[in-house]
Amino acid sequence: DGGVSAGRGIMVIRVSTIEDPRLGEYREIRDKPLVDRGLFLAEGEHVVMRLLRAAGAGEVRVRSVLLAEKRVGEVLPFVPAGVPVFVLSGEEVSRLLGFAFHSGMIACGVVPATARLEHVVPRTGRARVVVLPEIGSAENLGTLIRLSAGMGADAVVLGERCTDPFLRRTVRVSMGTVFGVPLVRSGDIVRDLVRMRTEMGIETVATVLHPGAEVLGSLATPDRVAVAFGSEAQGLTQAEVAACGRSVTIPMTAGVDSLNVGVAAGIAMWELFGRGRAGLPVGPASSKN
């Protein structure tokens with residue numbers, strides 16, 4: 001197989017067979033073992049380009065990039081120095097992955113270390129935190145991370161019962177925003193909710209279905225707020241609700257008692273993170289985010 005230096009320490013390697021052992025990560029259909037090894041896959045144009053930009057900013061490491069021949073010229077300028085770039089024909093990329101893959105770009109990254117709450121939440125002034133004790137669906141978690149990024153969250157706190165944010169589907173559904181939002185893995189969600197409220201001056205808000213809860217939209221937008229969303233099936237536990245300073249609900253009609261967690265989170269974040277989101281840019285690129 002031929003390797004051609006592309007400058008900046010990047011080696012373009014044209015691979016002659018999809019059985020090449022250097023492509024092992026890309027053959028891993030079950031991505032849980034890959035994540036357990038501290039690696040993840042980013043697939044598709046927008047996700048891969050977000051990964052490369054995040055790597056350029058030092059936020060995450062890229063292990064390798066796999067490109068269809070037709071995408072080499074446009075992607076190569078964004079690949080960090082020292083990262084190998086494997087090249088196959090478009091048909092071979094699809095054969096390797098086991099399904100028709102039209103974007104022609106996929107990358108393997110290194111799962112970054114999770115952040116500490118006190119390092120990512122501003123000590124004073126405006127603060128926005130999303131708390132997810134137990135989201136079991138990879139798709140829902142990807143949606144919630146994307147929402148958190150779009151609504152300007154400073155951090156997403158994940159409970160021990162939450163699915164892994166770097167599973168392949170979560171990364172894809174998040175559209176790569178998982179690379180830019182600080183993620184905090186909490187060993188004790190109740191403790192951290194109390195800590196945010198009592199030590200960090202953050203208004204902690206539980207989202208619930210209780211008829212006695214405050215109606216979302218009736219609260220003044222807090223300057224410092226953390227909003228907790230429960231599991232798809234059971235919602236927040238009693239201990240998690242009790243740890244929060246307030247509880248809110250979205251009033252519904254026609255006998256509908258709940259929403260998909262992603263839909264509910266979008267409504268709640270829009271309200272609690274500041275109506276109108278003054279200062280957050282909105283433009284043509286938002287349709288691709």
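When side chains are defined from C-beta on, L52 counts as touching V75, because their heavy atoms get closer than 4.5 Å. No side-chain heavy atom of I13 sits less than 4.5 Å from a side-chain heavy atom of V85. Using a 4.5 Å cut-off on side-chain heavy atoms (C-beta onward), F40 and L51 make contact. In this structure the side chain of V131 never reaches within 4.5 angstrom of the side chain of V227, judged on heavy atoms. Side chains of L144 and V156 form no contact here, defined as non-hydrogen atoms less than 4.5 Å apart. Within the 4.5 Å cutoff, side-chain heavy atoms of L34 are placed close to those of L41. V205 is not listed as a side-chain neighbour of C244, based on a closest heavy-atom distance of 4.5 Å or more. L158 has its side chain within reach of P165: a pair of non-hydrogen atoms, C-beta onward, lies under 4.5 Å apart.
At distances below 3.5 Å, not a single donor-acceptor pair connects side-chain atoms of D154 with backbone N or O atoms of V121. No side-chain donor-acceptor contact under 3.5 Å links R22 to the backbone of V15. Of the possible donor and acceptor atoms, none in the side chain of T249 sits under 3.5 Å from a partner among the backbone N and O of P251. No side-chain donor-acceptor contact under 3.5 Å links R161 to the backbone of I135. A donor-acceptor distance shorter than 3.5 angstrom exists from the side chain of R71 to the backbone of S103, with no hydrogens or angles considered. When atom types are taken as modelled, the side chain of R246 and the backbone of E203 share no donor-acceptor pair closer than 3.5 angstrom. A donor-acceptor pair under 3.5 Å links the side-chain atoms of T207 to the main chain of A228, judged by distance alone. Within the 3.5 Å criterion, the main-chain N or O of C108 finds a donor-acceptor partner in the side chain of Y26. Side-chain N or O atoms of R172 include none that pairs as donor or acceptor with a backbone N or O of E43 at under 3.5 Å. Without hydrogens or angle criteria, T204 side chain to G245 main chain gives a donor-acceptor distance under 3.5 Å.
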(Q) Using the rule given for side chain to side chain contact (heavy atoms under 4.5 Å, CB included), can you reason through R224 versus R126, listing the C-alpha separation, both sets of side-chain angles and the distance that settles it, and then say yes or no? (A) CA-CA 5 Å; R224 297 172 64 78; R126 179 186 181 278; over 6 Å; no
(Q) Checking M269 against S148 for the side chain to side chain contact (heavy atoms under 4.5 Å, CB included) test, could you report, in this order, the C-alpha distance in whole Å, the side-chain angles of both residues, the deciding distance, and whether it holds? (A) CA-CA 8 Å; M269 284 188 217; S148 300; 3.7 Å; yes
(Q) Run the side chain to side chain contact (heavy atoms under 4.5 Å, CB included) test on T170 and V178 for me, step by step, so that the C-alpha distance in whole Å, both residues' side-chain angles and the decisive distance to 0.1 Å come before the verdict. (A) CA-CA 8 Å; T170 303; V178 68; 5.7 Å; no
Q. Can you check salt bridge (Lys or Arg N to Asp or Glu O under 4.0 Å) on E118 and R195, steps first, answer last?
A. CA-CA 10 Å; E118 60 270 22; R195 183 170 161 230; 2.7 Å; yes
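Summarising the geometry of F273 relative to T221, their closest heavy-atom pair is C-CG2, 4.0 Å, with the distance given to 0.1 Å. Considering every non-hydrogen atom in both A155 and V120, the closest pair reads CB-CG2, 3.7 Å. In terms of heavy-atom proximity, S64 sits nearest to F86 at CB-CE1, 3.8 Å. When every heavy atom of A42 is checked against every heavy atom of V47, the shortest pair comes out as CB-CG1, 3.7 Å. Shortest non-hydrogen contact noted between L216 and V248 is CD1-CG2, 4.3 Å. Nearest approach of V83 to V79, heavy atoms of both residues: CB-CG1, 3.7 Å.
Two different hydrophobic clusters hold V225 and V190 under the rule that ILVMFWY side chains link at heavy-atom gaps under 4.5 Å. Cluster annotation: I18 is connected to I106 through the hydrophobic network of ILVMFWY side chains, with a link wherever side-chain heavy atoms come within less than 4.5 Å. Hydrophobic clustering of Ile, Leu, Val, Met, Phe, Trp and Tyr side chains at less than 4.5 Å, counting indirect connections, unites V171 with V130. In terms of hydrophobic clustering, with Ile, Leu, Val, Met, Phe, Trp and Tyr side chains grouped at heavy-atom distances under 4.5 Å, L183 and L147 are assigned to a common cluster. By the criterion of side-chain heavy atoms lying less than 4.5 angstrom apart, applied directly or through intervening Ile, Leu, Val, Met, Phe, Trp or Tyr residues, M196 is not grouped with V194; the two fall into different hydrophobic clusters.
Checked for salt-bridge contact, E59 and R53 miss the test: no charged N lies under 4.0 Å from a carboxylate O. E69 and R14 are joined by a salt bridge, as a carboxylate oxygen and a charged side-chain nitrogen come within less than 4.0 angstrom of each other.
The structure places CG of D188 at 8.0 Å from CD of E160, a figure rounded to the nearest 0.5 Å. Atom CZ in R185 sits 14.5 Å away from atom CG in L117 (nearest 0.5 Å). In this structure, SG in C162 is found 10.0 Å from CG in N140, a value given to the nearest 0.5 Å. One finds the CG atom of D164 at 15.5 Å from the CZ atom of R169 (value rounded to the nearest 0.5 Å). Interatomic distance, L132 CG to F229 CZ, rounded to the nearest 0.5 Å: 7.5 Å. In this structure, CD in E134 is found 4.5 Å from OG in S231, a value given to the nearest 0.5 Å.
Under the side-chain hydrogen bond (donor to acceptor under 3.5 Å, both in side chains) criterion, R197 pairs with no residue, sequence neighbours left out.
Each of V184, L193, T114 was compared with V157 under the side chain to side chain contact (heavy atoms under 4.5 Å, CB included) criterion, and only V184 meets it.
Atom CZ of R116 has 12 or fewer heavy atoms from other residues, nucleotides or ligands within 6.0 Å.
Under 3.5 Å, the side chains of T237 and E240 contain a donor-acceptor pair of N or O atoms. In the model, E139 has a side-chain atom that pairs as donor or acceptor with a side-chain atom of S137 under 3.5 Å.
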